[in-house]
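Heads up: the structure comes next, in structure tokens.
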Amino acid sequence: GGKDAEYLRGRLQEARWLLSSLELRNQTLLKVSQCIVNRQQKFLEEGEIAMKPLILKDVAEEIGVHESTVSRATTRKYMLTPRGIFELKYFFSSHVRTVNGGMVSATATKARIQILIENEPVKRPLSDQEISHILRETGICAARRTVAKYRESLGIGSSSERRRIYRRNVKF
């Protein structure tokens, strides 16, 4: 009778609600992904050195959702790119100011630090202060302690540690 029909109507309503929320979730994920690809085009073409500063708020404002929605949508979701597979969260990067008041992403700054250290004179490794100074000359304001933090996150030892390794590897 009437009770069964009522029950079925309720279940049908729940099923429709579930489908529409899954649809919405997929649309949000697609919008977030498109926004990330648009903003990080240079990274996709040139690599980490070209990563732009991007925060959840930027994407949230662009696609018209709450920041927490973008955060949830990018957690444990991955994107296959010509540069490999990345978690969506990877594309969000804090930033460092530039001399002229602009911004450069932390990821791009780390990539620059890595390049500087890879090309430093082996007999005289660059100190964090020297790296900070070189970055400033190229327009990036990264204090010595910021350089130290980024260098450590790259798994690179201090200049004195690098000097010790060099001495150990020199054969007399």
Nearest-0.5 Å distance, OG1 of residue T74 to CG of residue L56: 6.0 Å
From CA spacing to verdict: salt bridge (Lys or Arg N to Asp or Glu O under 4.0 Å), E14, R11: CA-CA 5 Å; E14 285 171 23; R11 297 291 80 78; 2.6 Å; yes
Distance-minimising heavy-atom pair for A73 and L88: O-CD1, 4.2 Å
side-chain hydrogen bond (donor to acceptor under 3.5 Å, both in side chains) partners for R9, two or more places apart: E6
Minimal non-hydrogen separation, D128 against A148, with atom names: OD2-CB, 3.3 Å
Note, T109 side chain near H95 side chain (heavy atom, < 4.5 Å): no
Pairing residues for Y150 by the ring pair (Phe, Tyr, Trp, His ring centres under 6.0 Å) criterion, not counting sequence neighbours: none
I49-L44 co-clustered via ILVMFWY side chain contacts under 4.5 Å: no
Heavy-atom pair of closest approach, residues T98 and N100: OG1-OD1, 2.7 Å
Contacts table for residues 24-34: side-chain donor-acceptor under 3.5 angstrom, sequence neighbours left out:
unit_1 : atom_1 : unit_2 : atom_2 : d
Q27    : NE2    : E23    : OE2    : 3.3
T28    : OG1    : L24    : O      : 2.9
S33    : OG     : L29    : O      : 2.8

Note: R83-E45 ion pair, threshold 4.0 Å (strictly below): no
Approximate separation, where rounding is to 0.5 Å, of Q41 CD and I36 CD1: 13.0 Å
Connected-component partners of M103 among ILVMFWY, side-chain separation under 4.5 Å: none
Residue pair Y7 / K3, side-chain heavy-atom distance below 4.5 Å: no
Nearest heavy-atom neighbours spanning A108 and M51: CB-O, 3.7 Å
Side-chain heavy atoms of Q129 within contact of S127, under 4.5 Å: yes
Rounded distance [0.5 Å steps], OG1 in T146 versus CZ in R97: 10.0 Å
Criterion salt bridge (Lys or Arg N to Asp or Glu O under 4.0 Å) on R124 and E130, from CA distance to verdict: CA-CA 11 Å; R124 221 190 82 47; E130 289 168 320; 2.4 Å; yes
All pairs passing ring pair (Phe, Tyr, Trp, His ring centres under 6.0 Å) where residues 102-146 contributes a residue, at least two apart: none
Residues in side chain to side chain contact (heavy atoms under 4.5 Å, CB included) contact with V122, at least two apart in sequence or another chain: Y166
Close side-chain approach of S105 to K52, heavy-atom, < 4.5 Å: no
Residues forming a salt bridge (Lys or Arg N to Asp or Glu O under 4.0 Å) with E61, sequence neighbours excluded: K57
Results of side chain to side chain contact (heavy atoms under 4.5 Å, CB included) for I117 - residues two or more places apart only: I113, E120, I131, R151, I156, R162
Non-hydrogen side-chain atoms of I134 and L116 separated by less than 4.5 Å: yes
For L18, the rest of its hydrophobic cluster, which grows through side-chain links under 4.5 angstrom: L22
Side chain S21, main chain W17, donor-acceptor under 3.5 Å: yes
Qualifying ring pair (Phe, Tyr, Trp, His ring centres under 6.0 Å) pairs with a residue from residues 34-74, counting only residues at least two apart or across chains: F43-F86, F43-Y90, F43-F91
Residues which pass side chain to side chain contact (heavy atoms under 4.5 Å, CB included) with I85, listed by chain and number, not counting sequence neighbours: Y78, L80
Test item: S93 and L54 side chains (from C-beta on) under 4.5 Å apart, heavy atoms: no
Spacing of R144 atom CZ and S132 atom OG [to the nearest 0.5 Å]: 9.0 Å
Whether over 12 other heavy atoms sit under 6.0 Å from R76 CZ: no
Connected via hydrophobic side-chain network under 4.5 Å: I63 and V37: yes
Distance-minimising heavy-atom pair for Q114 and L154: OE1-CD2, 3.6 Å
Residue list, side chain to side chain contact (heavy atoms under 4.5 Å, CB included) with R163, at least two apart or on another chain: P125, S159, S160, R167
K42 atom NZ, neighbour heavy-atom count above 12 within 6.0 Å: no
